[in-house]
Amino acid sequence: MVERVNKPKPPTLSSTPGLPPQATVTFSDDNSRVVAELPTGESVEVLLYGATVISWKDASGNEKLWLSDAAKLDGSKAVRGGIPVVFPVFGTAPTHPQTKDLPQHGFARTSRWEFLGKSTSESTADNNTSANNEPTVKLDFGLSSGSPGLDPLAHAHWPFRFNLIYSVTLNPSSLTTSIVATNDGAEPFECQVLMHTYLRVNDITAIEIHGLSNASYTDKVDAGAAKTQTTTPLTITGETDRVYAPVEEAVTVAEQGRPKYRVTRDNLSNVVVWNPWTDKAQSIADFEPKDGFKKMLCVEPGAVGSWQAVEAGDAFEGAQTITLL
Ligand SMILES: O=P(O)(O)OC[C@H]1O[C@@H](O)[C@H](O)[C@@H](O)[C@@H]1O
């Protein structure tokens, strides 16, 4: 049985005369995930493990994120697909004293977060609480150094007192994920943050990525060579793993010449573009189907080009918004 936080209401009708319909927020039977649905039909599903967004659908039920058929959703492994949260290290950092012993992409994606609550606003002619007068639902998740669900590797290798708040905000045309990483201890720490978004596409060979003109980048498939993006838009024709420092504010993904997603960033100066292509997809055990690389494109806003120093009592904040075009 699904436990309803709010009783579901008909998508277009208000159950209380005069009051607009509200978003519904429901938990799965086993409390492993939370689903929010707007009265207009869009939905988002978040696994508490990793606070990983594993589904984002438009009002017609079309999925916007790619999730591997072999993704583990039982908390035994970071989720292959959706939007895993990367913290406090991107990749591995063998020479960085504070994070050198942490696993790839840190521990946020392998910890069980707490659901802190939801907030909603509705769309009506006389209601201006939502920025665009659109229905909105925001889900908040928390993870701290005291959380029971914290990955034991964090306890073992990252001895800082911290508090993370991760918010997932859905409205009819966009999804925003934002993070606030607070240093609750007496010692400063350095961290990196990234939203590892797996966008769903129909055909990777028909994709153009705009907004990277003149951006410098590190090419991870060319031994970390430093390069500059001169040919634009970027197309994907083989294994791609690049850490960009874009000059432009937005990265737009177009398919067959039609704009599809616009990704904007708040205080996240990097964008990683990743597609494993054939051989790498073969080598990743939980990447299924093996030709699934044709259906996905990772566009990952983050602060990963350097380290974010967070003093005692301070916080680092960053966010991405993905808009459907
Ligand atoms: O297999 P993981 O740990 O989820 O990482 C997937 C990819 O994540 C990307 O962000 C990295 O740039 C790649 O180098 C990496 O291969």
Side-chain angles (χ1 to χ4, degrees), residues 47 49-54 65-94 96 99-111 151 153-154 157 177 179 191-201 204 209 212 215-227 229 234 236 238-246 251 253 263 265 268-290 292-293 295-306 318 320 322:
L47 197 66
Y49 183 74
T52 315
V53 179
I54 53 172
L65 300 176
W66 183 86
L67 180 67
S68 166
D69 290 351
K72 298 281 186 218
L73 302 181
D74 60 0
S76 60
K77 193 179 189 314
V79 176
R80 176 68 58 202
I83 312 180
V85 181
V86 169
F87 176 91
V89 58
F90 169 68
T92 55
H96 184 249
T99 59
K100 64 181 171 44
D101 295 321
L102 288 176
Q104 161 122 332
H105 294 341
F107 54 76
R109 66 175 184 166
T110 51
S111 294
D151 185 333
L153 289 171
H157 301 302
T177 67
I179 192 164
C191 65
Q192 296 176 327
V193 171
L194 175 128
M195 324 274 185
H196 200 307
T197 311
Y198 289 73
L199 295 172
R200 173 170 278 278
V201 301
I204 191 70
I209 305 164
L212 297 172
S216 57
Y217 66 94
T218 304
D219 192 346
K220 291 172 77 177
V221 298
D222 188 9
K227 300 182 179 175
Q229 188 66 44
L234 174 66
I236 307 292
E239 184 184 349
T240 304
D241 191 358
R242 300 176 176 188
V243 182
Y244 282 95
V251 169
V253 177
V263 181
R265 313 178 308 280
L268 298 176
S269 54
N270 299 112
V271 171
V272 176
V273 176
W274 182 63
N275 183 289
W277 213 250
T278 49
D279 294 355
K280 184 84 191 270
Q282 280 292 341
S283 73
I284 301 176
D286 60 353
F287 196 102
E288 289 288 351
K290 290 302 175 199
F293 70 88
K295 298 279 179 192
M296 52 74 65
L297 173 70
C298 281
V299 176
E300 312 164 27
V304 298
S306 58
Q320 68 165 348
I322 312 161

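Just follow the structure's listing: the first ligand is 1, and inside any ligand the first atom is 1.
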Query raised in the report: Side chains of Val263 and Val271: closer than 4.5 Å at any heavy-atom pair?
Result: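 They are not in contact (no side-chain heavy atoms under 4.5 Å apart), so the answer is no.
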Query raised in the report: In terms of the angle between their ring planes, are Phe107 and Phe87 parallel, tilted or perpendicular, with boundaries placed at 30° and 60°?
Result: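 Geometry flag for Phe87 against Phe107: perpendicular rings.
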Report task. Return the orientation label for the Trp274 and Tyr198 ring planes: parallel under 30°, perpendicular over 60°, tilted otherwise. Result ->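 Taking Tyr198 first and then Trp274, their aromatic rings stand perpendicular (interplane angle over 60°).
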Query raised in the report: Do Phe293 and Trp66 have ring centres separated by under 6.0 Å?
Result: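 Not close enough - the centres of the two rings lie 6.0 Å or further apart.
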Report task. Tell me the residues surrounding ligand 1, counting only those with a heavy atom closer than 4.0 angstrom, sorted by chain and number. Result ->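 Within 4.0 Å of ligand 1, the protein residues are Arg80, Phe90, Gln104, His105, Arg109, His196, Lys220, Asp241, Val272, Trp274, Lys280, Glu300.
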Query raised in the report: Are Asp222 and Lys227 close enough for a salt bridge, meaning some N to O gap below 4.0 Å?
Result: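 Salt bridge: yes.
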**Report entry** Pairing residues for Arg80 by the salt bridge (charged side-chain N to carboxylate O under 4.0 Å, His left out) criterion, not counting sequence neighbours
**Finding:**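 Checked Arg80 against salt bridge (charged side-chain N to carboxylate O under 4.0 Å, His left out); matches are Asp286.
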